[in-house]
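Basis for what follows: all heavy atoms, side chains included, without hydrogens, waters or symmetry-related copies. Numbers here simply count residues along the sequence, with the first being 1.
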Amino acid sequence: GQEASYACLLDTSGNYIYHPDASLIGTKTTEPVLLDVVARVQSGEEIAPAVTLDENDNYVAYSVSSMNNWILPIYIPRSEIKRTHLRTIV
């Protein structure tokens, strides 16, 4: 799995337009969280920015462009949030 935060970009069909792993560009996402967002975008639902936890213990913050409905997810490992939070407390 990913050890650091990263962002990617998907079109309205769920294909990666950008991903830090270049081999995924042009392929369809298999991430359940993103597949759900893609289905909601395709149904015409207006989607507010949100944060959820995926099956890999990553926080996924996502937003949908009002111009073209592209989806911008940002992955942040839960462990990274905890480390940052602990550093802030100490």
Side-chain angles (χ1 to χ4, degrees):
Q2 296 278 345
E3 296 299 320
S5 302
Y6 69 97
C8 52
L9 185 63
L10 293 94
D11 65 16
T12 56
S13 297
N15 298 309
Y16 287 106
I17 296 166
Y18 170 78
H19 193 285
D21 177 352
S23 70
L24 293 177
I25 295 172
T27 67
K28 188 171 179 92
T29 186
T30 57
E31 298 283 331
V33 169
L34 299 182
L35 289 172
D36 177 61
V37 176
V38 167
R40 290 167 54 205
V41 165
Q42 289 176 346
S43 75
E45 182 180 337
E46 217 170 288
I47 301 171
V51 178
T52 190
L53 197 60
D54 74 4
E55 69 280 357
N56 296 316
D57 217 24
N58 292 309
Y59 285 102
V60 184
Y62 60 85
S63 180
V64 177
S65 169
S66 61
M67 292 183 359
N68 55 18
N69 286 334
W70 286 1
I71 303 158
L72 175 64
I74 300 172
Y75 287 81
I76 306 162
R78 191 174 189 179
S79 59
E80 186 63 28
I81 297 285
K82 290 178 183 175
R83 275 198 299 273
T84 302
H85 186 66
L86 288 174
R87 270 196 303 256
T88 304
I89 293 172
V90 178

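Remark: V41 engages T12, V37, I47, V64, N69, I71 in a side chain to side chain contact (heavy atoms under 4.5 Å, CB included) (not counting sequence neighbours). Remark: T27 engages no residue in a side-chain hydrogen bond (donor to acceptor under 3.5 Å, both in side chains) (not counting sequence neighbours). With sequence neighbours excluded, no residue forms a salt bridge (charged side-chain N to carboxylate O under 4.0 Å, His left out) with E46. Under the rule for a salt bridge (charged side-chain N to carboxylate O under 4.0 Å, His left out), D54 has no partner lying at least two apart in sequence or in another chain. Y62 pairs by the ring pair (Phe, Tyr, Trp, His ring centres under 6.0 Å) definition with nothing, not counting sequence neighbours. Evaluation of the side-chain hydrogen bond (donor to acceptor under 3.5 Å, both in side chains) rule for S23 yields D21 as partners, not counting sequence neighbours.
The two residues A7 and I74 make their nearest non-hydrogen contact at CB-CG1, 4.0 Å.
Note: Y6 and Y75 have parallel aromatic rings, judged against thresholds of 30 and 60 degrees for the angle between ring planes.
Grouping Ile, Leu, Val, Met, Phe, Trp and Tyr by side-chain contacts under 4.5 Å, direct or through others, puts I17 with L9, Y18, W70, L72. Counting side-chain heavy-atom gaps under 4.5 Å among Ile, Leu, Val, Met, Phe, Trp and Tyr, M67 is found in no cluster with other residues. Cluster partners of I25: none. The rule joins Ile, Leu, Val, Met, Phe, Trp and Tyr whenever side-chain heavy atoms lie under 4.5 Å apart, and it links nothing here.
Residue pairs meeting the salt bridge (Lys or Arg N to Asp or Glu O under 4.0 Å) criterion with at least one partner in residues 55-75, sequence neighbours excluded, are D57-R78.
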When the side chains of residues 28-36 are checked against the rest of the protein, which donor-acceptor pairs come out under 3.5 Å, sequence neighbours left out?
unit_1, atom_1, unit_2, atom_2, d
K28, NZ, S13, O, 2.5
T29, OG1, Y16, OH, 2.9
T29, OG1, E31, N, 3.1

